[in-house]
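Small disclaimer: the values here were computed from a predicted structure and weren't measured. Each ligand, and each atom within it, is numbered from 1 in the order the structure gives.
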Amino acid sequence: MRLLVVEDDRDLNRQVSAALEAAGYAVDRSFDGEDGWFRGDTEPYDAIVLDLGLPKRDGISILEAWRKAGRTTPVLILTARDRWSEKVQGIDAGADDYVAKPFHMEEVLARLRALLRRAAGHATSDLAVGPVRLDARAGRVTVDGAAVKLTSHEYRLLSYLMHHAGRIISRSEIVEHLYEQDFDRDSNTIEVFIGRLRKKLGVDIIKTARGLGYVVGIEDEGGATAR
Ligand code: CA
């Protein structure tokens, strides 16, 4: 899962981004409204954290522009405390949720988890495909109840595939949702990641759709339906 944080307060941006990275997300940072709008308009983020008071272009106008252009990316806005009118304006402009400043990082994380799972059509943050469970809240993966230790990239990859179980995900889509913008991206490494992930999980829930990509949670050869 790849997120964008648009916040001009550098300290706050750094705090939020660091917390999101620690929670296993790839994070791009933006510090003004013009740059934030452009990134959100051109990159396929899984969710965006958007401050409303920004230099160059305010958050509400950015959000309206994204929605007008048909961008459905979930957006969590950061509003000033006690400014109920700002919250109403933000939600009317197309925000999916808000957090009032000052906030606890845990609340931002929980609200983002909820937006991400809802966008993918899941009712909880605890995803299961066959014997594999991914608890997005704890950032934990288990197979038949036994914990599996994954690197942050492996976790991101599995989380993305499991959030979109049943859908074929191309390698280029994986690359776009796995890495920060400045990362040296190479879609060939995805195959290596998938190989390692399969090995660590020890169960065959990631299928290769030849020439198309990968899919998790389809019927396996034994006829048992995963998920
Ligand atoms: Ca601000």
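Closer than 3.0 Å to the Ca ion (ligand 1) sit the protein N, O or S atoms D8 OD1, D51 OD2, G53 O.
For residues 57-66, no residue pair satisfies the salt bridge (Lys or Arg N to Asp or Glu O under 4.0 Å) rule, not counting sequence neighbours.
The distance from atom CG of L115 to atom CD1 of I48, rounded to the nearest 0.5 Å, is 11.0 Å.
Classification of the F193-Y179 ring pair by plane angle, with boundaries at 30° and 60°, yields tilted.
Every residue meeting the salt bridge (charged side-chain N to carboxylate O under 4.0 Å, His left out) condition with K200, not counting sequence neighbours, appears here in chain and number order: E154. Legend: residues meeting side chain to side chain donor-acceptor pair (under 3.5 Å) with Y214, ordered by chain and number and at least two apart, are absent.
Looking at K101 and D51, a side-chain N of the basic residue comes within less than 4.0 Å of a carboxylate O on the acidic one, giving a salt bridge.
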